[in-house]
Amino acid sequence: MNQAQWTAVDRYLNNLLVPSDPMLEAALEASAEAGLPPVNVAPNQGKLLNLLVLASGARTVLEIGTLGGYSTIWLARALPSSGRLVTLETDPRHAAVARENIAGAGLSEIVEILVGPAAESLPKLKAQLRPPFDLVFIDADKPATAEYFAWSLEMTHVGSLIVVDNVVRRGQVVEPGSDDQNVQGMRRFLDRLASEPRVSATALQTVGVKGYDGFLLAVVTAEAP
Ligand code: SAH
Ligand code: DHB
Ligand code: MG
């Protein structure tokens, strides 16, 4: 089993189940042209996010880590026209590319990009006392994942879904002595999650066009004590 095979299988499955879409392709092209790193979710992962919104009936989504808006578009597309998506991005250049891509996909009305470090945007968002989010997708700077998860718990309700990308990191997540801050960040997040009584969670390893990684799904099962 190797990368070539994982890529071939992703291609096969995506050809059948996730037909290429001009607006999403355009978003990726514009992102590449602007020099953004190609770390967006894979098409089948994007579709999974889309289906999670659809299946859960989510009307409000929070995304942490916008990049060029590729995952944003997948998520927002599953929302009703009365739905809302707030996405947080620290890099103004990424946010500018995302804004164009989201407009190109006809989603500007339901997507709001908050530019700035998520650690600053999250308290501001909470202070606005909006209705809680039905689904949160965490996919920004990995060392801060535990903090983003804690904020997510403050802004969701019983039944909300919290999805976290990149929890396996080529398997390095099992290495307690790893000197990779992304790995240590995920380990710290997973430790906290394990002792968090308000959620029920699982994590799956994934292989595909993005190599070997994993994603995590948590359901909020109880209010804050
Ligand atoms: N969700 C995107 C990929 C996000 S990549 C997709 O799948 O299409 C991670 C993004 O998080 C990058 O754009 C990076 O600039 C942003 N980021 C990094 N640190 C951040 C921070 N402290 N606050 C908000 N965004 C941050
Ligand atoms: C990186 C970030 C991601 O969100 C991802 O899915 C893959 C890689 C990165 O920064 O290396
Ligand atoms: Mg990711």
Side-chain angles (χ1 to χ4, degrees), residues 3 10 18 21 23-32 34-50 52-53 61-77 85-102 104-105 107 111-125 135-152 162-173 178 180-186 189 203-217:
Q3 182 61 56
D10 257 5
V18 193
D21 173 286
M23 285 170 193
L24 286 162
E25 293 302 322
L28 288 184
E29 271 167 38
S31 300
L36 271 51
V39 296
N40 50 274
V41 294
N44 42 355
Q45 294 171 327
K47 179 124 181 219
L48 177 65
L49 293 172
N50 180 277
L52 287 171
V53 172
V61 172
L62 171 64
E63 176 178 65
I64 308 176
T66 316
L67 192 61
Y70 182 77
S71 55
T72 317
I73 293 170
W74 273 114
L75 288 161
R77 271 190 173 174
L85 185 150
V86 179
T87 184
L88 313 185
E89 174 55 55
T90 196
D91 188 325
R93 291 183 327 116
H94 295 187
V97 174
R99 194 168 291 112
E100 284 291 306
N101 286 336
I102 289 159
L107 293 164
V111 175
E112 184 181 350
I113 307 176
L114 300 184
V115 184
E120 290 173 19
S121 299
L122 287 163
K124 284 187 206 156
L125 200 54
L135 186 147
V136 182
F137 177 47
I138 302 177
D139 190 23
D141 46 326
K142 312 307 169 189
T145 303
E147 284 70 38
Y148 299 157
F149 190 81
W151 279 107
S152 300
I162 303 174
V163 183
V164 184
D165 195 22
N166 308 117
V167 298
V168 172
R169 312 295 304 191
R170 298 195 308 280
Q172 292 172 49
V173 71
S178 172
D180 181 333
Q181 288 314 301
N182 297 324
V183 171
Q184 288 301 341
M186 279 304 163
F189 158 60
L204 294 179
Q205 306 183 66
T206 55
V207 295
V209 289
K210 288 191 70 181
Y212 170 33
D213 213 319
F215 72 90
L216 182 139
L217 178 67

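For ligands, and for the atoms within them, numbers begin at 1 and follow the listed sequence.
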Considering only heavy atoms of [X], which atoms of ligand 2 have at least one such atom less than 4.0 Å away?
{"X": "Asp165", "result": "6 (O)"}
{"X": "Lys142", "result": "2 (C), 3 (C), 4 (O)"}
{"X": "Asn166", "result": "3 (C), 4 (O), 5 (C), 6 (O), 7 (C)"}

If you have a sec, work out which protein heavy atom is nearest [atom] and how many Å separate them, to one decimal?
{"atom": "atom 11 (O) of ligand 2", "result": "Arg169 NH2, 4.0 Å"}
{"atom": "atom 24 (C) of ligand 1", "result": "Thr90 N, 3.4 Å"}
{"atom": "atom 6 (C) of ligand 1", "result": "Ser71 OG, 3.0 Å"}
{"atom": "atom 3 (C) of ligand 1", "result": "Asp139 OD2, 3.3 Å"}
{"atom": "atom 23 (N) of ligand 1", "result": "Ala118 N, 2.8 Å"}

Looking at ligand 1, does any of its N/O atoms fall within less than 3.5 Å of an N/O of [X]?
{"X": "Ala140", "answer": "no"}
{"X": "Val41", "answer": "yes"}
{"X": "Tyr148", "answer": "yes"}
{"X": "Gly65", "answer": "yes"}

Given [options], which has its nearest heavy atom closest to [atom]?
{"atom": "atom 14 (C) of ligand 1", "options": "Arg93, Glu89, Glu63, Lys142", "answer": "Glu89"}
{"atom": "atom 20 (C) of ligand 1", "options": "Asp141, Ile138, Leu67", "answer": "Asp141"}
{"atom": "atom 8 (C) of ligand 2", "options": "Asp213, Val39, Val41, Asn182", "answer": "Val39"}

Considering the heavy atoms of [X], write down every atom of ligand 1 situated less than 4.0 Å from one of them.
{"X": "Val39", "answer": "5 (S)"}
{"X": "Thr66", "answer": "2 (C)"}
{"X": "Pro117", "answer": "23 (N)"}

message = Yes or no: does Trp74 have any heavy atom under 4.0 Å from an atom of ligand 1?
response = no
ask   = Salt bridge check: are Arg77 and Asp21 linked by an N-O gap of less than 4.0 Å?
value = yes
Side-chain touch [X]/[Y], heavy atoms, less than 4.5 angstrom:
{"X": "Trp74", "Y": "Val53", "value": "no"}
{"X": "Leu24", "Y": "Pro43", "value": "no"}
{"X": "Asp165", "Y": "Val41", "value": "yes"}
{"X": "Leu122", "Y": "Tyr148", "value": "yes"}
{"X": "Ser31", "Y": "Asn40", "value": "no"}
{"X": "Val163", "Y": "Ile138", "value": "no"}
{"X": "Gln45", "Y": "Lys210", "value": "yes"}
{"X": "Val115", "Y": "Glu89", "value": "no"}

Spacing of OG1 belonging to Thr72 relative to CG belonging to Leu107, to within rounding of 0.5 Å = 9.5 Å
message = Restricting to N, O or S, what is the name of the atom of Asp139 that lies nearest the Mg ion (ligand 3)?
response = OD1
note = Correct closest heavy-atom pair for Ser121 and Gly116 would be OG-O, 4.0 Å
message = How close do Thr87 and Gly65 get, counting heavy atoms only, and between which atoms?
response = OG1-C, 4.5 Å
task = Kindly check if the number of other-residue, nucleotide or ligand heavy atoms within 6.0 Å of CD (Glu100) is above 12?
result = no
message = Only to 10 degrees, please: what angle do the OD1 atom of Asn166 and the OD2 atom of Asp165 make about the Mg ion (ligand 3)?
response = 90°
ask   = Under 4.0 Å from ligand 1, counting heavy atoms only, is it the side chain of Ile64, its backbone, both or neither?
value = neither
